[in-house]
Student: 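Before we start, here is the structure in question, set down as structure tokens.
This structure is a prediction, so every number in the text was calculated from the model and none was measured.
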Amino acid sequence: MITCPKCFKENQDHYKFCLGCGAELPRDASPKKFAPGTPPHGVSAKSASAAPPAAAAPAPAPAARSLDDEVTKLGTGGPGLGALIAAATAPEPAPTAPAPVAVADASVMACPQCGHSNPPSNKFCASCGFKLGKAAVAAAPAPAAAAPVVAPPVDAQPVALLTALRADGSEAGSHPLLAGVITIGRDTGSIFAGDSYLSPRHATFTARTGKLAVRDEGSLNGVYRKLRRDEPTPLRSGDVFRIGQEILRYETLQPLPPTPDGVERLGSPVKGYVGRIALIIGRDTSGNAYPVPETGIHMGRERGDVLFPEDGYVSGLHCRLSIQNGHAFLTDLGSSNGSFVRLSGEAELHDGEILLMGQQLFRVNVLA
């Protein structure tokens, strides 16, 4: 006998696979010649009837019968050997499963934007990045007739268009802006859904015929306007601008006022400097600061007064911060990736302007 190492069922020496679990049996011992319990020609009925009755033995459980038991029964008028071997080695029929009931598949969530099926653990669509909600659980398709398509009103025409731009300048999709007040963000879906740097409610656009304005809704990462090349843009104290991956804040230097009891503060006089730029490294956290003299400063990766040598998105000579009549101006010097100023309050936009929101660039088109 060969004992199966997996389920420990005993099998005949000539078996190659276990009758209990189907695992391949070890072939360590040399196979022995198979000897059936009865002669091949069987036992005659006369001899069987003349045999003295044997004491009744308890019948083994049906699940414990082996092929030897079936072969031994051959001499008691049972079926032929071939039929018994076939019956013993045939796999048990699989239990018949009840017919499936047509119910809603609660394990799938359909994206309301693109229709892609997502597992219920997904918070965002795996196809388009749209934020999924509990209401997006897919239901079984009903044979009901499709709802009629309702045409939009004739006057519901977009008055502006936001077009997402890839790094190479190609278009990645557009979002129309209808007349009125429209709030966009990560929850809006469409071209905004896949950007985790956008706040759920990021900015509000006020669109009218021939005019478009934008207001930051207190977003974490802000709304930035790209500067036109060689056009000075005024900076006020506290304004934030971005070059490459560096976010900087401009601050004017003001003399410290006396204390409430009238004591003047001591300190070295600040002569020749009008302000400073501070590197923003986190929420309400500043890093290195650089003084701004009356003659202004240049910034870049390789040339200038303030260098960012490890930022590959900053051009060799990127921008200039100049002082004119006591006012600061930021000018882009033809950089590859541009210079951006963060908008505060509501700002009017013009056709063809570029906005930076989250990690995406958007071109603004004001339609006539």
Student: May I ask you to decide if the ring planes of Phe362 and Phe192 are parallel, tilted or perpendicular, using 30° and 60° as cut-offs?
Tutor: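 Taking Phe192 first and then Phe362, their aromatic rings sit tilted (interplane angle of 30° to 60°).
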
Student: According to side-chain contact (heavy atoms from CB on, under 4.5 Å), who are the partners of Ser336, at least two apart in sequence or on a separate chain?
Tutor: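 Listed in chain order: Ser315.
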
Student: Any side-chain to backbone donor/acceptor pair from Asp195 onto Gly358? Under 3.5 Å, distance only.
Tutor: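 No: the side chain of Asp195 does not pair with the backbone of Gly358.
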
Student: Any side-chain heavy-atom pair from Pro5 and Pro26 closer than 4.5 angstrom?
Tutor: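 Touching, per the 4.5 Å side-chain cut-off.
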
Student: Run the side-chain contact (heavy atoms from CB on, under 4.5 Å) test against Leu256 and tell me which residues pass, sequence neighbours left out.
Tutor: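 Partners of Leu256 by the side-chain contact (heavy atoms from CB on, under 4.5 Å) criterion, ordered by chain and then number, come out as Arg265.
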
Student: Side chain of His318, backbone of Gly338: donor and acceptor closer than 3.5 Å?
Tutor: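 At least one qualifying donor-acceptor pair exists.
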
Student: Would you find a donor on one side and an acceptor on the other, under 3.5 Å apart, between the side chain of His298 and the backbone of Val306?
Tutor: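 Checking the backbone N and O of Val306 against the side chain of His298, no donor-acceptor pair under 3.5 Å is found.
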
Student: Would you check if the side chain of Asp332 reaches a backbone N or O of Arg229 as a donor-acceptor pair within less than 3.5 Å?
Tutor: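 No: the side chain of Asp332 does not pair with the backbone of Arg229.
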
Student: With sequence neighbours excluded, tell me which residues meet ring-ring contact (aromatic ring centres under 6.0 Å, His included) with Phe241.
Tutor: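 Partners of Phe241 by the ring-ring contact (aromatic ring centres under 6.0 Å, His included) criterion come out as none, since no residue qualifies.
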
Student: Not counting sequence neighbours, which residues clear side-chain hydrogen bond (donor to acceptor under 3.5 Å, both in side chains) with Arg225? List them please.
Tutor: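 With neighbours one apart ignored, the set is Glu353.
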
Student: Start with the C-alpha gap between Ser237 and Gln254, add the side-chain angles, then the distance that decides, and say whether side chain to side chain contact (heavy atoms under 4.5 Å, CB included) holds.
Tutor: CA-CA 10 Å; Ser237 181; Gln254 301 291 343; over 6 Å; no

Student: Could you tell me whether the side chain of Gln360 and the main chain of Ile191 form a donor-acceptor pair under 3.5 Å?
Tutor: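 Confirmed, Gln360 side chain pairs with Ile191 backbone.
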
Student: Would you say that Ile277 contacts Ile297 through its side chain, given a criterion of any heavy-atom pair below 4.5 Å between the two side chains?
Tutor: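 The answer is yes, as the side chains (C-beta and beyond) meet within the 4.5 Å cut-off.
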
Student: Would you find more than 12 non-hydrogen atoms of other residues, nucleotides or ligands less than 6.0 Å from Glu348 atom CD?
Tutor: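 Counting neighbours around CD of Glu348, more than 12 heavy atoms of other residues, nucleotides or ligands fall under 6.0 Å, so yes.
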
Student: Take atom CG in Asp261; do more than 12 heavy atoms of anything else shown fall under 6.0 Å from it?
Tutor: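 Count over threshold, so yes.
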
Student: Could you check whether atom CZ of Phe329 has more than 12 heavy atoms from other residues, nucleotides or ligands sitting under 6.0 Å from it?
Tutor: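 Yes, because the 6.0 Å sphere around CZ of Phe329 holds more than 12 heavy atoms from other groups.
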
Student: So, the side chain of Arg186 versus the backbone of Leu198: is there a donor-acceptor pair under 3.5 Å, distance only?
Tutor: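 Pair found, side chain donor or acceptor close to backbone of Leu198.
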
Student: Could you pull out all residues at least two apart from Asp168 that satisfy side-chain hydrogen bond (donor to acceptor under 3.5 Å, both in side chains)?
Tutor: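 side-chain hydrogen bond (donor to acceptor under 3.5 Å, both in side chains) check on Asp168 returns Ser170.
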
Student: How close do Leu248 and Met299 get, heavy atom to heavy atom, and via which atoms?
Tutor: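 Taking Leu248 first and Met299 second, the nearest heavy atoms are CD1-SD, 4.3 Å.
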
Student: Is it the case that the side chain of Thr285 and the backbone of Arg283 share a donor-acceptor pair, with hydrogens and angles ignored and the cut-off at 3.5 Å?
Tutor: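 The answer is yes, because a donor-acceptor pair under 3.5 Å joins these two groups.
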
Student: Once side-chain hydrogen bond (donor to acceptor under 3.5 Å, both in side chains) is applied, do any residues pair with Asp216, and if so which ones, sequence neighbours excluded?
Tutor: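 side-chain hydrogen bond (donor to acceptor under 3.5 Å, both in side chains) check on Asp216 returns Ser219.
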
Student: Indicate yes or no for a side-chain donor-acceptor contact from Arg303 to the backbone of Gly316 under 3.5 Å, with no hydrogens or angles considered.
Tutor: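 No; zero donor-acceptor contacts below 3.5 Å.
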
